[in-house]
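Here is the structure we will look at.
This chain uses plain numbering: 1 for the first residue, then up along the sequence.
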Amino acid sequence: MTARAGQGPATSRGPRNAAVPLPSARKGSAPRSGDDLRSALTAALERQTPPSSDFDFDDRPMPPDATLREAGVLAAFHETDGRLYLTKRAATMRHHPGQVALPGGKLDPGDADVVAAALREAQEEIGLDSAQLEILGTLPTHRTVTQFRITPVIGIVRGDFEPIAEPGEVAEVFALPFSHISDPGRYRLEGRMWRGEWRAYRVAPFGPYYLWGATARILHGLAERLRA
């Protein structure tokens with residue numbers, strides 16, 4: 001997620017970053033077709049679960065939400081094999097340098113809603129045209145320790161798509177296999193000291209990519225819905 005003012009769709013073509021080669025998925029763990037993927041995600045979205053937060057695993061009350069900023073992120077799965085597109089933030093970024101994230105960002109004044117914010121940021125960050133997307137719906141919101149209320153938007157990428165990283169902000173665009181994202185067993189709890197307090201959070205590492213924090217918590221929630 002990029003917490004910054006929107007710059008509009010990128011006009012310069014940044015470095016090209018194709019999705020990582022996907023390992024063979026375990027039998028039955030990956031969608032056999034675009035229709036299977038759509039059915040699985042649609043069923044998951046119909047299941048009812050409460051909102052999540054970065055405070056889910058802490059033994060203290062959640063702070064008041066009067067100052068929360070609205071944001072949207074996009075979980076875009078490709079129709080052919082369910083691979084999910086993610087970004088690695090540039091190491092030079094002031095906030096969350098080098099972290100793995102879903103494309104997305106804060107709600108800007110020109111955005112109609114958080115879904116529009118997620119789509120705008122996805123075009124800026126990875127070059128994904130909304131015309132290639134079938135939006136299926138949204139998951140419950142996720143609240144972060146940095147005072148964002150994130151709405152995850154779920155969609156399917158139709159047709160050929162070659163990611164383009166936003167220059168200066170996105171170091172890499174890559175994809176993780178559906179078999180990893182959709183398996184709740186791939187996620188575990190870890191912890192660290194943050195601003196003088198012990199914080200617990202979800203992680204789901206894959207090769208060189210350390211998927212953790214709010215992104216992992218959101219995707220773990222989706223994985224649990226997919227397996228319900």
Side-chain angles (χ1 to χ4, degrees), residues 1-12 14 41 44-45 48-56 62-77 84-90 92-157 161 163-171 173 201-202 211-222 225:
M1 175 181 143
T2 305
R4 53 171 168 72
Q7 300 171 339
T11 56
S12 61
L41 291 173
L45 287 168
Q48 298 299 310
T49 54
S52 60
S53 85
D54 288 349
F55 303 90
D56 285 347
M62 188 182 300
D65 60 2
T67 60
L68 291 182
R69 293 166 287 178
E70 301 294 334
V73 296
L74 176 66
F77 298 87
L84 174 68
Y85 294 99
L86 294 154
T87 69
K88 185 175 181 181
R89 291 170 59 82
T92 55
M93 294 294 291
R94 180 179 179 183
H95 299 292
H96 311 298
Q99 288 189 9
V100 169
L102 291 162
K106 67 180 180 180
L107 181 69
D108 279 355
D111 296 324
D113 51 29
V114 288
V115 175
L119 298 183
R120 171 181 55 76
E121 289 279 0
Q123 181 155 10
E124 293 176 11
E125 293 181 359
I126 69 173
L128 179 56
D129 191 329
S130 60
Q132 278 194 258
L133 273 172
E134 179 186 2
I135 301 299
L136 301 181
T138 61
L139 291 172
T141 59
H142 177 86
R143 178 177 173 173
T144 73
V145 295
T146 51
Q147 296 298 295
F148 280 96
R149 179 165 46 218
I150 302 172
T151 298
V153 181
I154 308 299
I156 296 177
V157 180
F161 171 57
I164 303 172
E166 183 177 19
E169 297 202 8
V170 177
V173 183
Y201 48 84
R202 292 282 181 191
L211 178 61
W212 74 290
T215 301
R217 182 69 181 90
I218 289 168
L219 293 176
H220 179 255
L222 176 60
R225 283 170 168 242

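Leu74 CG to Leu128 CG: the interatomic distance, rounded to the nearest 0.5 Å, is 6.5 Å. In this structure, CD1 on Ile150 lies 13.0 Å from CG on Leu107, to the nearest 0.5 angstrom. One distance of note links CZ of Phe77 with CG of Leu222; it measures 5.0 Å at 0.5 Å rounding. Between the OG1 atom in Thr141 and the CD atom in Glu70 there is a gap of 8.0 Å [rounded to 0.5 Å]. For the atom pair Lys88 NZ and Gln99 CD, the distance stands at 11.0 Å (nearest 0.5 Å).
Remark: the backbone N or O of Ala101 is paired with a side-chain donor or acceptor of Thr87 at under 3.5 angstrom. Judged by distance alone, with hydrogens and angles left aside, the side-chain atoms of Arg69 form a donor-acceptor pair with the main-chain N or O of Thr146 at under 3.5 Å.
Arg217 meets the side chain to side chain donor-acceptor pair (under 3.5 Å) test with Asp56; sequence neighbours excluded. Not counting sequence neighbours, the partners of Ser130 by the side-chain contact (heavy atoms from CB on, under 4.5 Å) test are Leu119. Under the side-chain contact (heavy atoms from CB on, under 4.5 Å) criterion, Asp129 pairs with Ala131, sequence neighbours left out. Partners of Ala214 according to the side-chain contact (heavy atoms from CB on, under 4.5 Å) rule, which considers only residues two or more places apart in sequence or in another chain, are Asp54, His142, Thr144. For His220, the ring-ring contact (aromatic ring centres under 6.0 Å, His included) partners two or more places apart in sequence, or in a different chain, are Tyr187. With sequence neighbours excluded, the residues forming a side-chain contact (heavy atoms from CB on, under 4.5 Å) with Leu68 are Asp65, Arg143, Gln147, Arg149, listed by chain and number.
Between Leu86 and Thr215 the shortest side-chain heavy-atom distance falls below 4.5 Å. The closest side-chain heavy-atom distance from Leu102 to Leu84 is below 4.5 Å. Here the side chains of Leu133 and Val157 are in contact, with some heavy-atom distance below 4.5 Å. A 4.5 Å side-chain heavy-atom check between Pro103 and Glu166 finds every atom pair outside the cut-off.
The two residues Ile126 and Phe161 come nearest to each other via the heavy atoms O-CZ, 3.5 Å. Shortest non-hydrogen contact noted between Pro140 and Pro50 is CB-O, 3.8 Å. In plain terms, the two heavy atoms of Val173 and Ile164 that are nearest each other are CG2-C, 4.4 Å. Closest of all the heavy-atom pairs between Tyr85 and Pro163 is CE2-CG, 3.9 Å.
Of the candidates Ser52, Pro152, Pro51, Leu139 forms a side chain to side chain contact (heavy atoms under 4.5 Å, CB included) with just one, namely Pro152.
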